[in-house]
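Have a look at the structure below before the remarks.
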Amino acid sequence: MALEQPQKKQIPTSKRIKRIAIALAVVAMYIWTFASINIDFGRVIERASANFSRVVPRLFSPNWDMAGEVIEMMIETIFIAYVGSLAAAILAIPLGFLAAHNITNSRIITTIGKWILSAVRAFPEIILAILFVVVVGPTPFAGILAIAIGSTGMLGKLYSEVLESIDMNVVEAMKANGANGLQIMFHGIFPQIIPEFLSYAIYRFEVDVRASTILGYVGAGGIGTMIFFAQSSRNWSDMGMILLVIIVVVTIIDYTSSYIRKRIV
Amino acid sequence: MIQFKDLSLVYPNGTQGLKDVNVTINDGEFVVIVGLSGAGKSTFIRSINRLVTPTDGELLIDDEDILGYKGSKLRSLRTKVGMIFQNYNLVKRSSVFKNVLAGRLGHTGTFRSIFNLFSKEDKALAYQNLKRVNIEEKLYNRADQLSGGQQQRVSIARVLTQKPDYILADEPVASLDPPTSHQVMKYLKKINQEDGITTIVNLHFIDMAMEYADRIIGMRAGEVVFDGPVSEVSEETFEEIYGRSIREDDLRGSVEEDGEANE
């Protein structure tokens, strides 16, 4: 029995040429960037073989005497992340409303809101931390500010997306029964967004714990300070202890956060 | 009393929503607006509580032209004109009770309502209205746990809690199955008769219009093409309104009376 095959899909020649051109461009770009980074593979292998046996085994034999001190600093790190992301979770609310077009009903205001948020988002936490260390001195407060500002941009954007996806029919129904703007906000909008807002805020806290482990490297408080000292004194077993604590704590927070978030939404 | 005087509405995209509509709806009437989708039924109903604003003519409610209303004047108009929607428009994550209490928002101060400080009278009223539509046992259920028919009953309770003089219902049964549709229409009719609330319902099912309406207004392309008591309406009238012969899907179909009230 002849198995009748459907006609082959026709692809126009222009499209074929376009595809090949794109593929070639991607490959060329890759070769070009790789070539211009100037990697001396001989040196890489030489250094790696020399240092590997010196560093890696020590990383895996953490200095347990440090444990107490490291955990203490890790707690400070979590505090920095917590205070920072809580501040961001609140600061981002007005910005989120400002950047949601169905709330403002004005293209201009929404655009301004989105601009503010992307401007804030453009700074990596570590750059913000360097700035704030200069402004408020090398204290955990600098770290808190860096986390707060850094997270506000991202949370504000996520909040505005949540707001843009709410059921506007409910808002219409409340408008139709004579409710005013604030009443619509509290009774029609908030019940729809609170679970998502909370969920994003908790997720952001999780991200911020990771982000704040490194902030101490530039003097903004937390466990990063210890990383800096361990690295500059080439004390790899201290480093091993620090990494161990970070990995354990971050994993626990990851699991807890995703458990809580699953329950909320 | 609602009076449409040469009322027209042209949407910004040029669509003619209403065209020289002249209609008077008396207090206590149960009016059903019929017409194909796009005929202007929704525009007609939404003009009355100014969810859309007509561009020409006059629209008098209790002898006052409402077309210029803004701010608190508009809100106070909306407190006396309740509305029921095709998709119920409840806050799905809130409890049934909270949804019904939302009907009081227009009568409650901003500060009190933000902190959920509804008066004892308001709560009693909300509960009593839930009882009227036989859904009081779902008081603390989340709205999204209810079936479509139950949700529409909650939205009727919400509208009653608003204590309106007029009820507008925009395709209230279009998302429901036949038995539930009849149940919802029966509640609307009962409220109209017991409380004397003027009720205007959009429907596209001919048999339901005939069964529940006192008066039928037929619309086509934004114009009122028929207006008269149900007794004057025949199949030909509908064919005229729809501009084509009647089909199976213009009918909702009827069901036996029992079995549905205790859903």
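Computed from a prediction, not measured in an experiment: that's the story for all the values here. Below, chains carry the letters A, B, ... as their sequence lines are ordered, and counting in each starts from 1.
A cation-pi contact, defined as under 6.0 Å to the ring centre and within 45° of the axis, links B/Lys189 to B/Phe30.
Looking at B/Leu168, neither its backbone nor its side chain comes within 4.5 Å of chain A, counting heavy atoms on both sides. Neither the backbone nor the side chain of B/Arg50 comes within contact range of chain A, judged by heavy atoms closer than 4.5 Å. For chain A, no part of B/Lys80 is nearby; none of its heavy atoms comes within less than 4.5 Å. At a 4.5 Å heavy-atom cutoff, the contact between B/Arg46 and chain A is made by side-chain atoms alone. Contact of B/Leu51 with chain A is made through the side chain alone, with heavy-atom distances under 4.5 Å. Of the two parts of A/Asp167, only the side chain, counted from C-beta on, holds a non-hydrogen atom closer than 4.5 Å to a non-hydrogen atom of chain B. With a threshold of 4.5 angstrom between heavy atoms, B/Ser94 approaches chain A through side-chain atoms but not through N, CA, C or O. With a threshold of 4.5 angstrom between heavy atoms, B/Val159 does not approach chain A through any atom at all.
Between B/Phe4 and B/Phe44, the ring-plane angle classifies as parallel under the 30° and 60° cut-offs.
Taking chain A as the reference chain and counting heavy-atom pairs below 4.5 Å, the highest number among B/Leu77, B/Thr79, B/Ile114 is found for B/Ile114. Options A/Ile194, A/Ile166, A/Val170, A/Val171 differ in how many heavy-atom pairs under 4.5 Å they form with chain B, and the most are formed by A/Val170.
Taken to the nearest 0.5 Å, the CZ atom of B/Arg132 stands 10.0 Å off from the OG1 atom of B/Thr161.
Under the 6.0 Å cut-off for aromatic ring centres, A/Tyr159 and A/Tyr200 do not qualify, their centroids lying 6.0 Å or more apart.
Judged purely by atom type and a 3.5 angstrom limit, B/Gln16 uses its side chain to pair as donor or acceptor with the backbone of B/Leu18.
Contact check on B/Lys163 versus B/Asp195 returns no salt bridge, with no Lys/Arg side-chain nitrogen under 4.0 Å from an Asp/Glu carboxylate oxygen.
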Stepwise side chain to side chain contact (heavy atoms under 4.5 Å, CB included) test for A/Ile149 and A/Phe132: CA-CA 11 Å; A/Ile149 305 294; A/Phe132 284 119; 4.0 Å; yes
